[in-house]
Amino acid sequence: MSNPTKPTETGPNRTGIAASPIDGKAMVEGAQKGSPAAVFEPPGLSTLRIRYSSKMPPVGTIPPPLSLKGVASTAAQMIKGNKPTVFLDLLGERLAFERTGTRLYEALLVKLEAADPHPGGPTREDLERIRDEELEHFGLVKRSLEALGADPTAVTPSADVIGVASSGLLKVVSDPRVTLNEALKAALTAELVDNDSWLMLADVAERLGQEDMAADFRRALAEEEDHLARVRSWLNSAIEGEAGISARAGDGHAPSLSP
Amino acid sequence: MALDITKERGVPLDRQVFTWRELAGPTFSKLDDDAFTRVRTILMNGIESEAVRFSHAAARMNARLQGPLARVRRIEHHQQTLVNWLNPADQSPLETTIGYEQTAIEVTAMLAQQEPDAYLAQVYRFGMLEDFDHLYRYSALMDRLYGMDANNLLQSYTDIRPGRPTVVEHRDPMDDLRTPYDKQRAQPLTKLNSLVLVAAENQVHDYYLNIGPQFADPVARQLYAEIASIEEQHVTQYESLVDPTETWLEKWLMHEATEVYTYWSCAQTESNKTLKAIWERFVDYELGHLTFVGELMKEIERRDPAELLPQKLPSPLKFESQRGFIRQTLQNEVDLRAIGTQIVPAGQERPDGPSALYRAQLNRDGSPSEIIADGYVWVPGTEIVSRIGAQSLNGRRM
């Protein structure tokens with residue numbers, strides 16, 4: 001079903017200098033003869049960047065609370081010396097990440113459909129379940145923001161920044177040339193970030209006295225830990241399969257998810 | 001504030017200078033600035049892009065003007081750079097695309113309402129409903145590919161719903177040509193309006209051609225190819241409205257007048273202080289260009305540029321939501337088509353007519369604009385919000 005050419009096969013890759021034995025030598029010679037003395041950390045480079053970084057305003061700010069309840073909650077936290085907007089920013093970040101995560105697993109489902117099945121890899125049910133849990137987590141964060149009187153449709157600065165950071169992941173999984181196994185590496189990156197971020201969110205919620213939210217977030221974290229374990233397992237199986245090596249004892253490939 | 005462009009002389013060319021730090025200065029904020037700040041930035045980048053494009057074309061046809069054109073063009077190039085660099089790096093190509101479509105819709109709606117020539121106003125409304133549909137298709141792409149909400153960019157100023165479906169916008173080239181205004185009879189405002197739209201649409205066309213291949217998703221790649229094709233049609237449409245018998249110097253003069261008018265409009269309404277200062281500075285630069293070209297016209301064509309220019313600029317463009325006008329136009333004119341230079345009811349288009357055949361060929365393997373937006377209904381926070389409830393019905397925890 002999938003294209004017979006595999007990215008791990010030897011082919012006409014021309015990127016290395018060894019692919020051009022004659023011109024490669026000329027390249028080195030030309031650069032050495034025609035360039036100034038080598039400097040590895042030019043001072044002007046960092047000076048210019050520091051000047052910009054120290055003067056630029058941030059990407060944005062947190063919108064004011066929507067409801068009286070939100071205003072009261074914000075005021076109560078500020079009296080305690082806390083800055084509740086930091087929590088709102090983190091919630092905004094998680095909301096954006098989980099929503100995009102839903103689309104990421106939808107893209108992985110497409111990859112699965114187009115791929116040749118291999119042992120130890122994900123099933124459709126596996127990916128659908130993770131997608132649905134990402135959606136659930138999105139809903140959980142949305143409700144949490146609403147409970148705090150915040151607008152869940154707003155993009156907070158951290159949501160914006162994580163969107164930039166993870167934009168490459170979606171580019172990978174939506175590329176028809178990228179295999180399922182390659183796409184799983186993008187999913188691994190996402191799940192690693194997601195795990196740490198849910199842990200951080202649960203801790204902050206707890207320390208701000210939002211015990212119910214903290215409990216919900218720890219349940220979400222447990223599910224994210226499961227996602228991470230499964231993606232790791234699928235990726236290990238895929239690499240073992242491609243490399244023609246057998247699984248090491250104790251790798252513990254996760255069993256297929258059952259409802 | 002009235003501005004007498006026949007008297008104001010602006011900043012002389014030799015004092016219109018830049019540094020690299022100025023060209024790559026602070027950007028606007030995607031999150032905190034008003035959506036119309038992005039709209040102004042996009043519009044003015046388009047206006048400068050047209051200035052440079054026109055100037056190169058003119059230089060290729062006019063040996064006598066090559067020197068003066070090169071001097072002004074270098075400044076316009078740096079103005080375009082400074083303006084386009086106001087876009088922040090966290091604004092992705094697709095987010096910028098949403099801004100481009102919002103600009104096309106809202107600015108075309110503004111121009112359609114102030115256009116004194118009924119035929120040109122109809123052409124503008126016709127084009128506006130097509131860009132309106134592009135916004136809907138791209139919003140669906142943003143939602144369904146990235147899980148992101150186009151309204152974070154639009155800020156509720158512009159509706160996300162279908163317009164004239166993109167799938168039927170494809171036309172035979174002969175059905176995209178329009179009847180030009182008559183330069184002797186057209187009001188100066190008509191000339192300014194048409195140049196604004198030529199600039200805006202040409203910019204969109206070039207942008208889509210540049211960024212389309214950066215997308216990995218095959219539907220996105222097809223969608224950019226499809227909508228870029230419509231933007232090419234729109235450039236063909238709007239540039240055909242400009243009287244081709246205008247001399248090169250007349251055209252150059254009207255380009256500079258258009259730049260004065262649009263920068264001045266931006267300066268009147270800008271809420272970002274940094275950008276407001278830039279728009280004001282560039283009003284003075286453009287007045288300098290207009291003065292320079294006016295002197296050339298006196299010297300070369302022995303004509304008074306004041307004969308062509310409005311003594312007072314028209315009211316500044318109102319950079320505000322045109323929702324009411326757009327909805328009304330949508331209701332009354334969405335089913336129109338173009339045959340030759342005329343805008344006609346859809347029923348008049350023959351199934352074996354040139355545009356119908358052209359469209360059928362292009363859409364033969366499927367239509368990306370239809371595929372991406374199949375059943376798409378925008379809701380605040382993306383369509384995924386609607387699925388949370390649906391999921392709970394299936395007995396899952398939520």
Side-chain angles (χ1 to χ4, degrees), chain A residues 48 51-52 55-63 92 95-104 106-107 110 129 131-140 142-143 145 151-157 159-161 163-178 216 219 223 259, chain B residues 20-21 24-33 88-95 140-156 213-222 272-274 378-392 394-398:
Chain A
L48 190 150
R51 187 187 296 133
Y52 271 82
K55 286 186 179 168
M56 285 289 172
V59 297
T61 55
I62 308 285
L95 178 119
F97 202 84
E98 298 302 311
R99 190 167 59 192
T100 299
T102 308
R103 296 303 192 189
L104 187 136
E106 281 179 355
V110 170
R129 178 154 181 178
R131 177 201 61 192
D132 291 349
E133 286 177 352
E134 300 289 342
L135 178 57
E136 286 179 11
H137 298 167
F138 164 69
L140 169 62
K142 179 174 176 287
R143 284 199 314 278
L145 279 162
D151 177 2
T153 67
V155 179
T156 69
D160 184 51
V161 171
V164 174
S166 55
S167 60
L169 303 179
L170 274 164
K171 191 164 183 174
V172 167
V173 296
S174 64
D175 192 329
R177 302 167 306 159
V178 167
D216 283 341
R219 276 195 290 278
E223 288 173 346
Chain B
W20 304 125
R21 195 193 296 183
T27 66
F28 64 78
S29 166
K30 185 179 80 176
L31 309 188
D32 289 7
D33 271 307
D90 57 338
Q91 188 174 279
S92 71
L94 183 51
E95 288 176 322
L141 176 70
M142 175 175 271
D143 190 332
R144 292 178 163 178
L145 180 60
Y146 296 103
M148 296 171 92
D149 182 354
N151 195 42
N152 293 140
L153 286 301
L154 300 170
Q155 299 175 3
S156 304
Q214 291 182 24
F215 288 83
D217 174 47
V219 179
R221 292 171 78 88
Q222 282 198 17
N272 179 311
K273 285 180 185 170
T274 306
W378 175 82
V379 292
T382 77
E383 66 176 357
I384 282 180
V385 170
S386 311
R387 282 163 57 180
I388 301 171
Q391 194 182 50
S392 66
N394 295 334
R396 303 292 298 272
R397 175 172 63 79
M398 273 316 299

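Chain identifiers are assigned alphabetically (A, B, ...) following the order of the sequence lines, protein sequences preceding nucleic acid strands; residue numbering begins at 1 within each chain.
- Highest contact tally toward chain B, considering only A:Val172, A:Val164, A:Val155, is held by A:Val155 [criterion: heavy-atom pairs under 4.5 Å].
- Under the salt bridge (Lys or Arg N to Asp or Glu O under 4.0 Å) criterion, A:Lys142 pairs with A:Glu146, sequence neighbours left out.
- With a 4.5 angstrom heavy-atom cutoff, A:Arg51 touches chain B only via side-chain atoms.
- With a 4.5 Å cut-off on non-hydrogen atoms, B:Arg221 does not touch chain A at all.
- In this view, A:Glu134 satisfies the salt bridge (Lys or Arg N to Asp or Glu O under 4.0 Å) rule with no residue, not counting sequence neighbours.
- If you measure heavy-atom distances from A:Glu106 to chain B, the contacts under 4.5 Å come from the side chain alone.
- The contact between B:Pro26 and chain A is made by backbone and side chain atoms together, counting heavy-atom distances below 4.5 Å.
- Here the straight-line distance linking atom CG of A:Leu145 with atom CG of A:Asp151 works out to 8.5 Å at 0.5 Å rounding.
- Side-chain contact, A:Thr153 with B:Asn152: no donor N or O sits under 3.5 Å from an acceptor N or O.
- Using a 4.0 Å cut-off between a side-chain N of Lys or Arg and a carboxylate O of Asp or Glu, A:Asp216 and A:Arg219 qualify as a salt bridge.
- Considering only heavy-atom pairs separated by less than 4.5 Å from chain B, the leading option among A:Pro176, A:Ser174, A:Gly60 is A:Ser174.
- Proximity to chain B is limited to the backbone of A:Thr156, based on heavy atoms less than 4.5 angstrom apart.
- A donor-acceptor distance shorter than 3.5 angstrom exists from the side chain of A:Arg99 to the backbone of B:Gly381, with no hydrogens or angles considered.
- Under the 4.0 Å criterion applied to side-chain N and carboxylate O atoms, B:Glu383 and A:Arg103 are assigned as salt-bridge partners.
- Interface remark: B:Gln91 contributes no atoms to any contact with chain A (heavy atom separation under 4.5 Å).
- For a residue to count as touching a neighbouring chain, one of its non-hydrogen atoms must lie under 4.5 Å from one of that chain's; by this rule A:Thr102 touches chain B with the side chain only.
- The structure places OG1 of A:Thr100 at 10.0 Å from CG of A:Leu169, a figure rounded to the nearest 0.5 Å.
- Using a 4.5 Å cut-off between heavy atoms, A:Pro152 makes no contact with chain B at all.
- Counting heavy-atom pairs under 4.5 Å between each of B:Ser29, B:Ala89, B:Gly25 and chain A puts B:Ser29 at the top.
- Both the backbone and the side chain of B:Asp143 have a heavy atom closer than 4.5 Å to some heavy atom of chain A.
- The contact between B:Ala24 and chain A is made by backbone and side chain atoms together, counting heavy-atom distances below 4.5 Å.
- Panel note: side chain A:Asp175, backbone A:Lys171; no donor-acceptor pair is recorded below 3.5 Å.
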